[in-house]
2 protein chains.
Amino acid sequence: MSPKRAAVRQATPQLLERVAGRFRALAEPARLAVLHALEDGERSVSELVERTGLAQGNLSKHLQQLYAAGFVTRRRDGLFVQYALADDGVLRLCALMCDRLDEGVEAERAVLATAKRR
Amino acid sequence: MSPKRAAVRQATPQLLERVAGRFRALAEPARLAVLHALEDGERSVSELVERTGLAQGNLSKHLQQLYAAGFVTRRRDGLFVQYALADDGVLRLCALMCDRLDEGVEAERAVLATAKRR
DNA sequence: AGAGCGTACTCCGATACGGTAATATCCGCA
DNA sequence: TGCGGATATTACCGTATCGGAGTACGCTCT
């Protein structure tokens with residue numbers, strides 16, 4: 001049958017690397033801000049500069065990474081380039097993560113307590 | 001009403017930083033390997049060393065980060081310390097990410113083509 | 001073809017992060 | 001109380017990554 005479907009995959013180093021890379025793309029406040037700014041639709045780079053407050057060059061680099069990770073799509077629109085969320089998967093990921101935040105506060109507290117123990 | 005529920009949150013810098021931090025904890029093959037090694041139950045550090053092939057000190061650091069991020073729990077068991085997945089949220093996150101991988105291959109191809117264009 | 005705007009790329013300094021080796025701490029047991 | 005195994009912590013090094021500044025490229029219009 002060769003279960004190509006949702007079967008549990010082998011955790012090969014290559015797969016781990018690929019998955020880690022995707023997570024890494026989301027492991028940066030600036031990029032999360034960009035994704036957030038795209039939540040209500042397509043935006044040009046200039047619009048994203050306004051919305052996020054990032055410098056143009058910096059923003060461009062982050063956009064490349066998000067694009068390479070498959071989180072956003074690109075489209076030339078005359079002089080502009082319009083970026084958009086590739087799908088709602090990112091939002092689901094962030095939602096899952098945000099839910100964890102509230103419940104994780106206690107653990108964080110414990111860690112802090114451990115850190116300053118003694 | 002002060003919507004503390006699943007309402008859309010403000011994307012404050014602090015929140016972005018916190019969320020990014022959580023993603024950062026998953027943005028490393030070694031830590032994903034650890035989580036994978038915990039999929040079928042509690043494991044001691046020594047067992048994790050065997051299963052992941054990581055050096056003890058190195059593994060310990062990764063475990064601290066996973067713990068601080070709230071992905072794993074800790075429990076003293078005599079001479080050992082047993083780690084376990086805090087909940088199945090991590091698995092859901094990874095599953096979501098893995099699903100994206102297959103579909104993202106095309107985009108990656110495009111990026112590569114762009115990189116070596118000319 | 002040239003000007004002007006929007007976007008991508010390159011180079012740089014500062015900082016963060018992962019891996020290793022050595023050391024410290026914690027625990028159970030004689 | 002002292003020993004030995006298990007885990008945590010520290011110091012150190014090499015590398016990756018971020019942000020900023022400057023520059024190159026693409027597109028449109030005249």
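So you know, we letter chains A, B, ... as the sequences are listed, proteins then strands, and number each from 1.
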| said: Any non-hydrogen side-chain atom of A:E42 less than 4.5 Å from a side-chain atom of A:E47? | reply: no
| said: With a 4.5 Å cut-off on side-chain heavy atoms, are A:V90 and A:L26 touching? | reply: yes
| query | How close or far is atom P of C:dG6 from atom CG of A:L79, stated in whole angstroms? | reply | 6 Å
| query | Between B:Q82 (CD) and D:dT7 (P), how many Å, whole number? | reply | 8 Å
| said: For A:T52 and A:H62: C-alpha separation, side-chain torsions, deciding distance, then whether side-chain contact (heavy atoms from CB on, under 4.5 Å) applies. | reply: CA-CA 12 Å; A:T52 63; A:H62 285 304; over 6 Å; no
| field | Any N/O donor-acceptor pair, B:Q56 side-chain to D:dA8 base, under 3.5 Å | value | yes
| Flag, side chain of A:R24 to backbone of B:A27, donor-acceptor distance under 3.5 Å | yes
| said: Under a 3.5 Å distance rule, please check whether A:R92 uses its side chain to pair with a backbone N or O of B:L96 as donor and acceptor. | reply: no
| request: Report yes if at least one side-chain N or O of A:R76 is closer than 4.0 Å to OP1 or OP2 of C:dG6; otherwise report no. | output: no
| query | Atom CZ of B:R75 and atom P of C:dC27: how far apart are they, to the nearest Å? | reply | 14 Å
| When hydrophobic residues are tied together by side-chain contacts of less than 4.5 Å, even through go-betweens, does A:F80 share a cluster with A:V72? | no
Identify all pairs in which a protein N or O lies below 3.5 Å from an N or O of nucleotides 16-20 of chain C, and state each distance.
| from | atom 1 | to | atom 2 | distance (Å) |
| --- | --- | --- | --- | --- |
| C:dG18 | OP1 | B:R31 | NH1 | 2.9 |
| C:dG18 | OP1 | B:R31 | NH2 | 2.8 |
| C:dG18 | OP2 | B:Q65 | OE1 | 3.4 |
| C:dG19 | OP2 | B:N58 | OD1 | 3.1 |
| C:dG19 | OP2 | B:N58 | ND2 | 3.2 |
| C:dG19 | OP2 | B:H62 | NE2 | 2.5 |
| C:dG19 | O5' | B:N58 | ND2 | 3.3 |
| C:dG19 | N7 | B:K61 | NZ | 3.0 |
| C:dG19 | O6 | B:K61 | NZ | 3.0 |

| With sequence neighbours excluded, what pairs up with A:D40 under the salt bridge (charged side-chain N to carboxylate O under 4.0 Å, His left out) test? | A:R43, A:R51
| Between A:Q64 (CD) and D:dG19 (C1'), how many Å, whole number? | 16 Å
| query | Whole-Å distance between D:dT7 C1' and B:D77 CG? | reply | 13 Å
| request: To the nearest Å, give me how far apart CZ (B:R43) and C1' (D:dA6) are. | output: 17 Å
| C:dA8 phosphate, OP1 or OP2: any side-chain N/O from A:Y67 under 4.0 angstrom? | no
| query | Between A:L63 (CG) and C:dA8 (P), how many Å, whole number? | reply | 7 Å
| message | What is the distance, to the nearest angstrom, from the CZ atom on A:R74 to the C1' atom on C:dA8? | response | 9 Å
